[in-house]
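Okay, structure first, notes after.
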Amino acid sequence: MARKIGSRYTANQILGRGSAGTVWLGEGPEGPVAIKLLREDLASDQELVGRFVQERTALLGLEHPNVVSVRDLVVDGNDLALVMDLVRGTDVRTRLDRDRRLAPEAAVAIVADIADGLAAAHAAGVVHRDVKPENVLLDMQGPLGPGGSHPALLTDFGVAKLIDSPRRTRATKIIGTPDYLAPEIVEGLPPRAAVDIYALATVLYELLAGFTPFGGGHPGAVLRRHVTETVAPLPGIPDELWQLIVQCLAKAPASRLRASELGARLRELLPMLAGMPPLDVDEPDAEPAEEETPVAEEAVPAGERVRRRGAVPLVPGAKPADSNRDTHTSMRVPGPDELAGGARGTARVPRAAGAPRPGSARHRAATRRRRVALGAAAVALVAAAGVGTWLATAEDDAGATPQDSNNSAPATP
């Protein structure tokens, strides 16, 4: 059902729902638009509305081919909305859900586009703070780029900053999506441009591997890994690309590249990636939240055996929204003792393709087979040793003399 948004716009059809609000296909004075209507509880927050108005100039002035431009901000009664350019296409999360991972050339081309958009935003003093696949749109009407990739645009600028008001979060809350949060955010430091670089490098890793470098398991474990663990290497990609990812995932913000540098370096690597197929690696094992009852693979419906993970929900039991998974949901900042309590070292290492996942039915069966084989080998070894000892004893007995058997000299008369 159509609804009016302010005096100039009409929202006609829901395109997607996110934890911060609902995106509508709308119509304005200049044609079709996308309208992000924030949740009613956010719209009723007077402090947030004030920040909304304060950010208007900065957001409206941000224009770049790789940024979804904000055309207008509407405050009308209970409605709080961002009116944005309409992009005819899909988001990268949908692409990952379909393909699991991308060929390196296409992945790098997409991330280079987003790096260019971030460079323009950072130059204007705007930090995105929520870079993730759900917020990267692919323009299906644009020209094809390297690896057959469509032009990529970053959307949702300003939403994280608007919602992250001091009263709402203070110093004990985290705003964002756990898999993509830079370590300094986890430690409670103010987010600056480097947090976007860290998140974008995480997205690049996910496009290549099909999973994020520090994700999996309980959200607290994910946050701890960002602070305490180093990224595990991805086999099969050029060392130049890997070193670039490692640098942009550095724990120290100052060690990361700037967005403009990252975009330029990625485009330099495109020729060497031409024709390279997607990587063949499996997702490493997540830390289990609780002990699960083993279930035979045969008992699980085929469509449920593989559950690919995107962002980990911050709220236990929460279901991801259509296209914006649990963004802008607050979570307590872990204390120093909690962060220090995790395992230090390299993050979960990707398994070789086809290797059974520890704890799975295949893994347990393989473990049982190895144990049976080792037991049988041990029994055979003991039996062989026993037979050898019996043969040696039999030979000694066959060649012995009476004196030998009595172990004494003949008696002297």
Side-chain angles (χ1 to χ4, degrees), residues 90-112 114 132-133 136 138 144-150 152 179-180 200-217 222 225 229-249 265-266 268-287 297 300-312 345-367 369-370:
T90 187
D91 61 44
V92 169
R93 172 62 64 204
T94 301
R95 176 80 183 273
L96 281 174
D97 286 343
R98 186 190 72 189
D99 298 335
R100 189 176 183 186
R101 59 178 66 92
L102 306 185
E105 185 181 15
V108 167
I110 289 171
V111 172
I114 301 306
K132 61 180 181 178
V136 176
L138 301 177
L144 293 180
S149 62
H150 293 277
D179 284 36
Y180 310 92
L200 186 56
T202 302
V203 170
L204 176 55
Y205 187 105
E206 184 176 14
L207 293 178
L208 294 168
F211 49 87
T212 55
F214 299 111
V222 177
R225 291 189 201 111
E229 296 185 358
T230 56
V231 61
L234 277 178
I237 63 173
D239 185 64
E240 295 89 342
L241 177 57
W242 176 244
Q243 292 305 321
L244 202 60
I245 294 174
V246 170
Q247 183 175 359
C248 292
L249 288 176
R265 295 273 297 276
L266 288 174
E268 291 174 359
L269 296 178
L270 284 173
M272 74 169 60
L273 302 175
M276 184 178 294
L279 302 185
D280 189 15
V281 294
D282 281 347
E283 182 175 357
D285 303 291
E287 295 179 8
E297 276 190 316
V300 182
E304 298 180 8
R305 289 182 191 171
V306 178
R307 182 184 176 186
R308 290 200 291 271
R309 170 192 44 76
V312 178
T346 303
R348 307 163 305 133
V349 179
R351 293 179 291 114
R357 184 185 302 276
S360 67
R362 285 181 58 208
H363 182 268
R364 291 193 298 272
T367 301
R369 286 195 296 270
R370 285 196 297 271

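The first residue in the sequence is number 1, and the count goes up from there.
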- Task: Indicate the ring-plane relationship of Tyr205 and Phe211, choosing parallel, tilted or perpendicular according to the 30° and 60° boundaries.
- Result: perpendicular
- Query: Which heavy atom of Leu138 sits nearest a heavy atom of Ala152, and at what distance?
  - Reply: CD2-CB, 4.0 Å
- Message: Before you tell me yes or no, could you show the steps for Ile110 and Leu102 under side-chain contact (heavy atoms from CB on, under 4.5 Å), namely the whole-Å CA-CA distance, both residues' side-chain angles and the distance that decides it to 0.1 Å?
- Response: CA-CA 10 Å; Ile110 289 171; Leu102 306 185; 3.8 Å; yes
- Message: For a quick test of reading the model, state the closest non-hydrogen atom pair linking Pro133 to Tyr180 and the distance between them.
- Response: CD-OH, 3.3 Å
- Query: Are Leu204 and Ile245 close enough that some pair of their side-chain heavy atoms sits under 4.5 Å apart?
  - Reply: yes
- Item | Non-neighbouring partners of Ala201 that pass side chain to side chain contact (heavy atoms under 4.5 Å, CB included), sequence neighbours left out | Cys248, Leu249
- Task: Classify the side-chain pair Asp97/Thr94 by whether it contains a donor and acceptor separated by less than 3.5 Å.
- Result: no
- Note on the structure: The salt bridge (Lys or Arg N to Asp or Glu O under 4.0 Å) partners of Arg95 (sequence neighbours excluded) come to Asp99
- Query: Between Val136 and Asp91, does a side-chain contact (heavy atoms from CB on, under 4.5 Å) hold up when you go through it step by step?
  - Reply: CA-CA 6 Å; Val136 176; Asp91 61 44; over 6 Å; no
- Query: Looking only at heavy atoms, which two atoms of Pro104 and Leu273 are closest? And how far apart?
  - Reply: O-CD1, 3.9 Å
- Steps toward side-chain contact (heavy atoms from CB on, under 4.5 Å) verdict (Leu279, Leu234): CA-CA 9 Å; Leu279 302 185; Leu234 277 178; 4.2 Å; yes
- Arg225 side chain to Gly216 backbone, donor-acceptor under 3.5 Å: yes
- Item | Closest non-hydrogen atom pair, Gly147 against Glu105 | N-CD, 3.3 Å
- Are Pro213 and Thr202 side-chain neighbours, meaning at least one heavy-atom pair lies under 4.5 Å? yes
- Message: Within the structure provided, determine whether Trp242 and Val231 are in side-chain contact (heavy-atom separation under 4.5 Å).
- Response: yes
- Task: Determine, step by step, whether Leu266 and Leu241 satisfy the side-chain contact (heavy atoms from CB on, under 4.5 Å) criterion, reporting the C-alpha distance in whole Å, the side-chain angles of both residues, the deciding distance to 0.1 Å, and the verdict.
- Result: CA-CA 8 Å; Leu266 288 174; Leu241 177 57; 4.1 Å; yes
- For the atom pair CD (Glu240) and CE (Met272), what is the distance rounded to the nearest 0.5 Å? 4.0 Å
- Side-chain donor/acceptor of Arg101 to backbone N/O of Glu206, under 3.5 Å: no
- Note on the structure: Of all heavy-atom pairs linking Leu207 and Ala107, the shortest is CB-CB, 3.7 Å
